[in-house]
Amino acid sequence: MTKALTGFLFATAVSLVAMGPVAPARAGVDFNIFINPGPGIYVVPGAGRISCREAAYRLHVRGYRRIGVIDCLGKSYSFEARRDGRLWIVKVSAHSGRIIDVRRA
């Protein structure tokens, strides 16, 4: 009985070490999964959306400050942000991350 338990514990430890560290899940990452007519399941990287936080960061990099979220649903995200001392309403594409519309608030 002791040999069987020791063998089981050893096998469990080896399998856990073999799996390696598990990376934490990232919020806001989408994966499109489709089944090919051939064998296997394939993941298409880059076909998803960027997160609302990533879109706000991209605005910050482009010189916008005091960025507030108006809407982060749908095909585009809307933000209220300041740039050059003025208040702007900025829309960012949820898929590409590009600014698609800028209006004075």
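When reading the values below, keep in mind they use all heavy atoms of this one structure, side chains included, and skip hydrogens, waters and symmetry mates.
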Within 6.0 angstrom of R65 CZ, more than 12 heavy atoms from elsewhere: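 Count over threshold, so yes.
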
Rounded to the nearest 0.5 Å, how far does [atom2] of [Y] lie from [atom1] of [X]?
{"X": "R49", "Y": "E54", "atom1": "CZ", "atom2": "CD", "result": "13.5 Å"}
{"X": "I70", "Y": "Y77", "atom1": "CD1", "atom2": "OH", "result": "14.5 Å"}
{"X": "R58", "Y": "S96", "atom1": "CZ", "atom2": "OG", "result": "7.5 Å"}
{"X": "C52", "Y": "L73", "atom1": "SG", "atom2": "CG", "result": "8.5 Å"}
{"X": "I67", "Y": "E80", "atom1": "CD1", "atom2": "CD", "result": "11.5 Å"}

Taking every non-hydrogen atom, the tightest pair across G74 and A94: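 Nearest heavy atoms, G74 then A94: O-CB, 3.8 Å.
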
For I50 against G97, the heavy-atom pair lying closest together: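 Nearest heavy atoms, I50 then G97: CD1-CA, 3.5 Å.
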
side-chain contact (heavy atoms from CB on, under 4.5 Å) between V102 and Y64, intermediate numbers included: CA-CA 11 Å; V102 179; Y64 290 93; 3.9 Å; yes

Would you kindly confirm whether V69 and I99 end up in one hydrophobic cluster when ILVMFWY residues are joined by side chain heavy atoms under 4.5 Å apart?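 Hydrophobic grouping puts V69 with I99.
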
Evaluate R82 against W88 for side-chain contact (heavy atoms from CB on, under 4.5 Å), listing each step before the verdict. CA-CA 6 Å; R82 291 199 174 273; W88 301 92; 6.0 Å; no

